[in-house]
Amino acid sequence: MERDALASVPPGPIDCETAVQRLWDYLDGRLPPVAHDEVEAHLAVCAVCPPHFTFARAMQRALAASAAPPAADDEDARLRARVRRALRG
Amino acid sequence: MDHHTTGRSGPAVRAAGDPDAFERLTMPHLADVARFARSLTRDAARADDLVQETYLQALRGWHTFHADADPKRWLFTVCHHAFLRNTRRDARYVDAPDDDPELESLATATAHWRAQQSGVAETAERMDLGPAIARALAVLPAHFRGTVVLVDVEGQSYEQAALVLGVAVGTVRSRLFRGRRLLQDLLLAYARDAGFEAARPSTPPTGPSSDSPMPPTTAR
């Protein structure tokens with residue numbers, strides 16, 4: 001009975017420090033559901049925290065976009081040939 | 001241990017396994033390894049050297065490779081090791097046992113808050129992050145660059161990155177958070193250097209980065 005009551009407690013309001021401590025875990029989707037919902041609820045009403053999360057997310061998107069594009073076919077072929085030559089001594 | 005890149009593998013290693021089998025298994029991953037190498041080195045020529053060294057090192061370790069292991073992960077591990085080995089000695093880093101990832105999250109937000117106070121955040125938000133991120137990654141210490149590239153650029157999970165790096169998931173998390181915070185510091189420094197810092201007369205300077213107010217600029 002007590003365990004059921006605890007399981008149904010809705011996420012409580014958290015303060016800015018707690019929200020921000022969870023910044024990267026939140027953006028990486030690695031928070032347990034209650035902790036995640038607590039951060040989301042905080043961001044919905046806080047005037048200070050959302051821009052920190054927005055900028056961090058923008059940086060992550062820039063990082064994902066920074067992956068080197070696939071090499072052109074001739075570059076790929078040249079590197080492949082070079083590696084094969086090296087492997088065969 | 002010397003590391004020849006001239007292509008001479010000891011006859012004992014080659015005899016230990018079928019070199020054609022090695023190539024059949026590993027060459028299909030060359031494009032992925034090359035992309036990883038370019039993200040790590042930020043330099044096409046050094047990336048190609050790193051790819052060659054990776055395959056030579058992998059061939060040396062071929063006899064340790066189990067048939068049901070993941071060849072791409074193995075190649076990434078070898079590549080990352082080779083990358084770190086080529087890093088200058090004095091740039092090497094040892095994980096501090098008491099690294100606190102939550103503090104890194106706090107520090108990240110605090111730095112952004114300060115940047116808001118000085119107007120730098122606004123500039124950073126208008127910047128094209130593409131070139132800035134490339135610059136920042138190039139100067140990020142090698143130790144953090146590997147982790148950030150694996151997770152944030154290559155899109156691997158913490159668990160996948162932990163296997164490539166041969167460390168605990170907690171270590172990936174703490175290196176990742178610190179690496180990201182260092183990157184953000186660099187991005188904000190580039191925004192500041194761009195000279196667009198708005199004059200905010202009511203806000204006192206904070207931290208070592210704002211010891212003299214930048215003059216207002218009309219170049220936007």
Residues Phe55(A), Thr108(B); criterion side-chain contact (heavy atoms from CB on, under 4.5 Å); working and verdict = CA-CA 10 Å; Phe55(A) 190 71; Thr108(B) 300; over 6 Å; no

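- From Met59(A), atom CE reaches atom NE2 of His112(B) across 11.0 Å, with rounding to the nearest 0.5 Å.
- No part of Ala65(A) comes within reach of chain B, as not one of its non-hydrogen atoms sits under 4.5 angstrom from that chain.
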Hey, mind stepping through Arg82(A) and Asp49(B) against side-chain contact (heavy atoms from CB on, under 4.5 Å) and telling me if it holds?
-> CA-CA 10 Å; Arg82(A) 172 182 165 180; Asp49(B) 289 346; 2.6 Å; yes

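- Proximity to chain A is absent for every atom of Ala115(B), based on heavy atoms less than 4.5 angstrom apart.
- Between the OG atom in Ser105(B) and the CZ atom in Phe53(A) there is a gap of 8.0 Å [rounded to 0.5 Å].
- For a residue to count as touching a neighbouring chain, one of its non-hydrogen atoms must lie under 4.5 Å from one of that chain's; by this rule Leu106(B) touches chain A with backbone and side chain alike.
- Contacts between Val151(B) and chain A at a heavy-atom distance below 4.5 Å are absent for every atom of the residue.
- Contact count against chain A (heavy-atom pairs under 4.5 Å) is highest for Leu30(B) among Leu30(B), Asp128(B), Leu129(B).
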Go through the steps for His52(A) and Thr110(B) under the test side-chain contact (heavy atoms from CB on, under 4.5 Å), then give the verdict.
-> CA-CA 8 Å; His52(A) 309 323; Thr110(B) 305; over 6 Å; no

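- Residue contact with chain A, scored on non-hydrogen atoms closer than 4.5 Å, involves the side chain of Leu188(B) exclusively.
- How far CD of Glu75(A) is from CG of Asp48(B): 8.0 Å, rounded to the nearest 0.5 Å.
- Note that CZ of Arg85(A) is 8.5 Å distant from CD of Gln52(B), once rounded to the nearest 0.5 Å.
- If you measure heavy-atom distances from Pro51(A) to chain B, the contacts under 4.5 Å come from both the backbone and the side chain.
- Contact of Asp25(A) with chain B is made through backbone and side chain together, with heavy-atom distances under 4.5 Å.
- Heavy atoms closer than 4.5 Å to chain A are found in both the backbone and the side chain of Ala31(B).
- Scanning both residues, Ser39(B) and Ala68(A), for their nearest heavy atoms gives OG-N, 3.9 Å.
- Under a cut-off of 6.0 angstrom, the local environment of CG in Asp73(A) is sparse, with at most 12 non-hydrogen atoms contributed by other residues, nucleotides or ligands.
- Heavy atoms of Tyr158(B) lying under 4.5 Å from chain A belong to its backbone as well as its side chain.
- Minimum interatomic distance between Val20(A) and Ala109(B) (heavy atoms only, all atoms of both residues): CG1-CB, 3.3 Å.
- The candidate from Gln184(B), Glu23(B), Glu102(B), Glu154(B) with the greatest count of non-hydrogen atom pairs under 4.5 Å with chain A is Glu23(B).
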Report the C-alpha distance between Phe177(B) and Asp28(A) in whole Å, list the side-chain angles of each, state the deciding distance to 0.1 Å, and finish with yes or no for side-chain contact (heavy atoms from CB on, under 4.5 Å).
-> CA-CA 11 Å; Phe177(B) 289 11; Asp28(A) 287 348; 4.3 Å; yes

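- By number of non-hydrogen pairs under 4.5 angstrom with chain B, the leading residue of Arg78(A), Arg61(A), Gln60(A) is Gln60(A).
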Do Glu159(B) and Arg30(A) pass the salt bridge (charged side-chain N to carboxylate O under 4.0 Å, His left out) test, and can you show the C-alpha distance, the side-chain angles, and the key distance before you say yes or no?
-> CA-CA 12 Å; Glu159(B) 289 73 17; Arg30(A) 293 185 70 94; 2.8 Å; yes

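- Contact check for Leu87(A) versus Phe22(B): side-chain heavy atoms found under the 4.5 Å cut-off.
- Interatomic distance, CG of Leu27(A) versus CZ of Arg180(B), reported as 7.5 Å (0.5 Å rounding).
- For Arg173(B), the part sitting under 4.5 Å from any heavy atom of chain A is the side chain, from C-beta outward, and nothing else.
- Taking the side chain as every heavy atom from C-beta outward, Leu183(B) and Leu63(A) approach each other to under 4.5 Å.
- With a 4.5 Å cut-off on non-hydrogen atoms, Leu103(B) does not touch chain A at all.
- Considering CZ of Arg38(B) and OG of Ser66(A), their distance stands at 12.0 Å, rounded to 0.5 Å.
- No more than 12 heavy atoms of other residues, nucleotides or ligands sit less than 6.0 Å from atom NE2 of His81(B).
- Not a single donor-acceptor pair under 3.5 Å links the side chain of Arg35(B) to the backbone N or O of Ala67(A).
- Residue Glu17(A) touches chain B through both its backbone and its side chain, counting heavy-atom pairs closer than 4.5 Å.
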